[in-house]
Amino acid sequence: MRIDLHTHSNASDGTDTPAELVAIAAQAGLDVVALTDHDTTGGWAAAEAALPAGMTLIRGAEFSTGLLMPGGHRVSVHLLAYLFDPLDAAVVAEHRRLFDERLHRGLRIVDLMVADGIPISREQVLAISAGAPVGRPHIGRALVASGVVTSVNEAFERYLAGNSGYYVPKVDTDLTVAVRMIKAAGGVSVMAHSRSRSAARVLTPERIAEFAALGLDGIEVDHPDHAPADRAELAGLARDLDLITTGSSDYHGTNKTIRIGAERSDPDQLARIVDRATGIPVIGPAGALA
Ligand code: AMP
Ligand code: FE
Ligand code: FE
Ligand code: ZN
């Protein structure tokens with residue numbers, strides 16, 4: 001069974017519609033795909049409606065969370081959540097808050113760029129995000145469309161990274177709160193790409209163990225940003241802590257170069273996720289795994 005448990009549609013910062021995404025998943029030979037848009041369940045219904053015969057859909061989301069550090073600042077940590085109840089009041093409230101937070105933060109970034117003479121506009125970015133929670137890749141696409149850069153990746157390197165003068169932080173969900181919220185909504189939580197970017201330095205084995213004790217269910221081991229040594233380390237940690245392990249592409253359409261299904265999860269690990277979830281059912285044949 002070929003399983004990819006982390007993908008993005010244009011319901012967040014990917015470039016495929018949810019319907020295109022499930023079709024591309026089938027064309028790539030996947031049997032199971034999880035739709036995990038950032039801070040929204042907005043793509044679920046369209047993905048389900050377009051699900052090709054024989055394909056299994058795991059409904060999920062990637063929560064933007066923050067880990068509070070001793071100095072008082074927060075480090076960004078992405079938390080994947082699977083099969084949680086989308087009508088859970090805390091989840092609905094947090095997704096609504098993050099939608100507004102992302103909108104205002106995105107517009108502030110655009111305003112800083114416009115003030116510096118960069119030829120993009122608020123209207124352009126809002127047309128690109130088209131109702132999705134605004135993310136930096138939408139601004140990156142505006143920079144590409146205006147000829148400022150030639151790729152979203154270059155936009156990140158030159159204009160959108162955390163150390164850029166145009167960077168504006170957003171107030172993310174506290175990681176501890178998010179782990180508990182997902183559990184309370186019947187979902188299963190998996191720490192995303194913990195060895196990529198800034199989070200890698202602070203997500204020590206000790207800290208991951210603390211979150212395991214709090215109810216974190218798993219960690220993403222195979223991810224395009226993880227080097228072989230990272231994968232070996234995380235697999236060992238998961239064994240020690242009895243955490244679920246996943247492997248996923250983190251596909252974003254043409255915003256990133258990675259292809260859907262390029263990294264995959266083990267069926268036994270998917271069975272553990274399905275087994276543990278109480279929020280909503282799996283859609284499709286792999287639902288029989290539980
Ligand atoms: P935001 O959620 O607005 O803070 O933007 C972060 C998102 O940007 C991440 O979830 C990634 O999907 C995306 N991203 C980060 N770095 C890059 C990159 N170099 N190229 C394309 N997308 C990126
Ligand atoms: Fe993203
Ligand atoms: Fe992520
Ligand atoms: Zn992602």
Side-chain angles (χ1 to χ4, degrees), residues 3-18 21 24-25 33-44 47 58-67 74-82 95 98-99 101-103 105-106 109 125 128-130 132-142 144 151-153 155-157 160-162 167 169-170 172-173 175 178-179 182 189-200 202-203 216 218-226 230 234 246-265:
I3 304 164
D4 188 339
L5 292 179
H6 182 169
T7 70
H8 297 265
S9 75
N10 69 359
S12 67
D13 62 4
T15 55
D16 300 315
T17 64
L21 186 129
I24 286 164
V33 67
L35 178 63
T36 53
D37 278 308
H38 296 285
D39 305 314
T40 182
T41 59
W44 286 7
I58 307 286
R59 291 171 288 175
E62 184 173 15
F63 286 71
S64 304
T65 81
L67 174 59
R74 280 177 198 277
V75 175
S76 164
V77 174
H78 286 178
L79 188 67
L80 292 160
Y82 299 108
H95 279 173
L98 279 161
F99 185 92
E101 180 73 14
R102 283 179 163 284
L103 176 63
R105 176 265 204 151
I109 294 175
V125 170
I128 291 168
S129 61
V134 176
R136 281 178 285 164
H138 297 125
I139 303 169
R141 279 166 62 195
V144 173
S151 70
V152 174
N153 190 48
F156 267 87
E157 281 172 3
L160 295 168
Y167 181 75
K170 57 183 162 51
D172 289 332
T173 317
L175 177 56
V179 167
I182 291 160
S189 61
V190 173
M191 201 176 267
H193 48 72
S194 61
R195 289 293 170 268
S196 72
R197 299 189 221 121
S198 55
V202 300
L203 290 173
L216 175 73
I219 48 178
E220 195 171 54
V221 170
D222 292 316
H223 182 278
D225 291 353
H226 289 176
D230 299 326
L234 292 170
T246 65
S248 305
S249 67
D250 201 356
Y251 174 75
H252 276 73
T254 56
N255 278 346
K256 289 187 179 174
T257 52
I258 193 79
R259 290 165 57 177
I260 199 164
E263 307 268 3
R264 292 186 301 278
S265 291

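Both ligands and their constituent atoms are indexed starting at 1 by order of listing. All figures in this text were calculated on a predicted structure; none of them were measured in a lab.
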**Prompt:** Would you say His38 has an N, O or S atom lying under 2.8 Å from the Fe ion (ligand 3)?
**Reply:** no
**Request:** Compute the angle centred on the Fe ion (ligand 3) spanning NE2 of His193 and OE2 of Glu62, and express it rounded to 10 degrees.
**Result:** 100°
**Asked** Would a distance-only check, ignoring hydrogens and angles, find a side-chain to backbone donor-acceptor pair under 3.5 Å from Thr246 to Ser265?
**Response** no
**Message:** With rounding to 10 degrees, what does the angle His8:NE2 / the Zn ion (ligand 4) / His6:NE2 come to?
**Reply:** 100°
**Asked** With the Fe ion (ligand 3) as the point of reference, which N/O/S atom of His78 is the closest?
**Response** ND1
**Asked** Between His78 and His38, what is the ring plane arrangement, given parallel below 30°, perpendicular above 60°, and tilted in between?
**Response** perpendicular
**Prompt:** Is there a donor-acceptor contact under 3.5 Å linking the side chains of Thr15 and Thr254?
**Reply:** yes
**Request:** Find out whether Leu203 and Leu67 are in side-chain contact, i.e. whether some heavy atom of one side chain is under 4.5 Å from a heavy atom of the other.
**Result:** yes
**Asked** Can you tell me if Asp250 has an N, O or S atom under 2.8 Å away from the Fe ion (ligand 3)?
**Response** no
**Prompt:** From His8, does some N, O or S atom reach closer than 2.8 Å to the Fe ion (ligand 2)?
**Reply:** no
**Prompt:** Is there a donor-acceptor pair closer than 3.5 Å between any side-chain N or O of Asp250 and the backbone N or O of His223?
**Reply:** no
**Item:** Sidechain-backbone polar pair: His226 side chain, Val221 backbone, donor-acceptor under 3.5 Å
**Value:** yes
**Prompt:** Does any N, O or S atom of His6, backbone or side chain, fall under 2.8 Å from the Fe ion (ligand 3)?
**Reply:** no
**Prompt:** At the Zn ion (ligand 4), what's the angle from Glu62 OE1 to Asp250 OD1, rounded to 10 degrees?
**Reply:** 170°
**Prompt:** What N/O/S atom of Asp13 is the closest to the Fe ion (ligand 2)?
**Reply:** OD2
**Asked** What is the name of the N/O/S atom in His252 that sits closest to the Fe ion (ligand 2)?
**Response** NE2
**His193 (side chain) donor-acceptor with Ala200 (main chain) under 3.5 angstrom** = no
